[in-house]
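Lettering of chains follows the sequences in order, A, B, ..., and the numbering in each one begins at 1. All heavy atoms count here, side chains included; hydrogens, waters and symmetry mates do not. This one's a predicted model, so the numbers in the text were calculated from it and none came from an experiment.
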2 protein chains.
Amino acid sequence: MGRKSKQKEAILKVVKSTDTHPTADWVYEQVRRDIPNISLGTVYRNLKLLTRDGEILGLGGGDTAGRFDGNIRDHYHFRCERCNRVLDLDEPVDKTMNERLAQRLGVTVNRHSLEFYGLCQDCQSGITNDKAE
Amino acid sequence: MGRKSKQKEAILKVVKSTDTHPTADWVYEQVRRDIPNISLGTVYRNLKLLTRDGEILGLGGGDTAGRFDGNIRDHYHFRCERCNRVLDLDEPVDKTMNERLAQRLGVTVNRHSLEFYGLCQDCQSGITNDKAE
DNA sequence: TTAGGTGCAAAACCTTTGCCATCCC
DNA sequence: GGGATGGCAAAGGTTTTGCACCTAA
């Protein structure tokens with residue numbers, strides 16, 4: 001599954017230690033504090049490896065999503081359409097849906113992703129908040 | 001809401017007439033059959049406009065998703081992790097989830113997106129099928 | 001020792017944008 | 001006429017890759 005490196009460990013630690021669902025570039029900036037000459041390519045490579053190995057999740061499923069999630073517990077998301085913040089939800093995850101669908105369609109279902117879209121509290125009240133990406 | 005053009009109409013027609021959830025580039029190739037000198041920029045511009053106007057959907061919600069859906073009925077998706085095919089599902093859409101979440105979190109919820117991931121029939125049987133993107 | 005990882009920089013993609021010509025209303 | 005739209009090409013942003021050099025096992 002690949003050998004250890006301080007770069008990979010630092011990257012994993014950054015992703016695990018935030019709930020901001022960061023982009024590759026944000027991770028890069030954070031890791032740079034500890035390893036100033038790390039390269040962005042290394043960050044991309046390791047995020048992809050960590051995603052494949054199931055140590056982190058690619059948001060929206062897969063490693064092409066552009067944002068990552070260190071929380072690999074099954075959970076859902078709420079995304080603010082204005083500031084693009086992503087919140088983890090505590091809603092219970094219903095895995096029976098997977099089986100029902102698998103039977104009905106004759107496919108294999110590994111997982112599902114449920115995301116809600118709307119305006120977060122800050123953005124509703126207009127306090128806000130540049131449109132971030 | 002913007003004026004008419006044959007380019008925009010052709011683009012809409014292409015997206016509406018397929019259930020393959022095409023990328024901008026695929027749409028471009030199709031439209032080119034009718035309008036050989038249409039430019040890719042025009043396709044992007046119009047896909048964005050059509051998405052904003054609600055005439056088509058950006059997959060995964062929004063217009064940054066890279067794939068589009070001419071079916072604007074509320075519906076869910078199944079995505080094959082091997083061949084990346086996307087299937088429309090007939091599952092009933094449960095809008096009460098939106099309200100429950102909105103109340104609990106104090107946010108505004110406009111919609112949600114539910115995607116299942118797994119292997120489609122072809123990819124299970126190994127008949128398949130290059131990894132498309 | 002050596003497969004695998006790293007840094008760097010270039011390349012590859014994908015999407016947006018500026019500019020001017022053209023078209024609709 | 002005048003603002004919207006289109007074609008073209010250049011610019012932007014993000015992600016991947018080739019390569020020579022390291023490093024963990």
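- Atom CZ in B:R52 sits about 13 Å away from atom C1' in C:dT15, given to the nearest Å.
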Dump the pairs, protein N or O against N or O of nucleotides 20-25 of chain C, anything under 3.5 Å, distances to one decimal.
unit_1: C:dC24; atom_1: O2; unit_2: B:R3; atom_2: NH1; d: 3.2

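- Residue A:K48 places at least one side-chain N or O closer than 4.0 Å to OP1 or OP2 of D:dT16.
- No donor-acceptor contact under 3.5 angstrom links the side chains of A:E115 and B:S113, judged on distance only.
- Nucleotide D:dG7 holds its P atom 14 Å from the NZ atom of B:K8, rounded to whole Å.
- If you take OH of B:Y44 and P of C:dT17, they are 13 Å apart, rounded to a whole angstrom.
- Following rounding to the nearest Å, B:Y28 (OH) and C:dC14 (P) show an atom-to-atom distance of 13 Å.
- Listed by chain and number, the residues in a side-chain contact (heavy atoms from CB on, under 4.5 Å) with B:L89 are A:L101, A:L105, B:Y76, B:F78, B:E91, B:F116 (sequence neighbours excluded).
- If you measure from atom CG of A:L49 to atom P of C:dG5, you get 6 Å, rounded to the nearest angstrom.
- Each end of the helix from C:dT1-D:dA25 to C:dC25-D:dG1 gets its own axis, taken as the rotation carrying the C1' atoms of four end pairs onto the next four within a five-pair window, and the two axes meet at 40° to the nearest 10 degrees.
- Among the protein residues, B:N46 comes within range of the sugar-phosphate backbone only, with heavy atoms under 4.0 Å from sugar or phosphate atoms but none that close to a base.
- Annotation: side-chain hydrogen bond (donor to acceptor under 3.5 Å, both in side chains) contacts of B:S17 (sequence neighbours excluded): none.
- Evaluation of the salt bridge (charged side-chain N to carboxylate O under 4.0 Å, His left out) test over residues 24-38 of chain B, restricted to residues two or more places apart or in two chains, returns B:E29-B:R32.
- Partners of B:K16 by side-chain contact (heavy atoms from CB on, under 4.5 Å), not counting sequence neighbours, listed by chain and number: B:L12, B:I72.
- B:K6 pairs by the side-chain hydrogen bond (donor to acceptor under 3.5 Å, both in side chains) definition with nothing, not counting sequence neighbours.
- Qualifying side-chain contact (heavy atoms from CB on, under 4.5 Å) partners for B:A10, counting only residues two or more places apart in sequence or in other chains: B:V31, B:I35.
- Listed by chain and number, the residues in a salt bridge (charged side-chain N to carboxylate O under 4.0 Å, His left out) with B:K13 amount to none (sequence neighbours excluded).
- Between the P atom of D:dT14 and the CZ atom of A:R67 lies a distance of 12 Å, rounded to the nearest Å.
- Salt bridge present: A:R111 and B:E81 bring a charged side-chain N and a carboxylate O closer than 4.0 Å.
- Legend: residues meeting side-chain contact (heavy atoms from CB on, under 4.5 Å) with B:D88, ordered by chain and number and at least two apart, are B:D19, B:H21, B:D69, B:N71, B:H75, B:H77.
- The backbone N or O of B:L47 lies less than 3.5 Å from a partner atom in the side chain of B:T51, making a donor-acceptor pair.
- What separates CG of B:L40 from P of C:dC14 is a distance of 10 Å, to the nearest Å.
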Review item, nucleotides 7-11 of chain C N/O atoms under 3.5 Å of protein N/O:
unit_1: C:dG7; atom_1: OP1; unit_2: A:Q7; atom_2: NE2; d: 3.2
unit_1: C:dG7; atom_1: OP2; unit_2: A:S39; atom_2: N; d: 3.3
unit_1: C:dG7; atom_1: OP2; unit_2: A:T42; atom_2: OG1; d: 2.7
unit_1: C:dG7; atom_1: N7; unit_2: A:R45; atom_2: NH2; d: 3.0
unit_1: C:dC8; atom_1: OP2; unit_2: A:N37; atom_2: O; d: 3.3

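- Atom-to-atom, CD1 of B:I11 to P of C:dT15 comes out at 14 Å; the value is rounded to the nearest Å.
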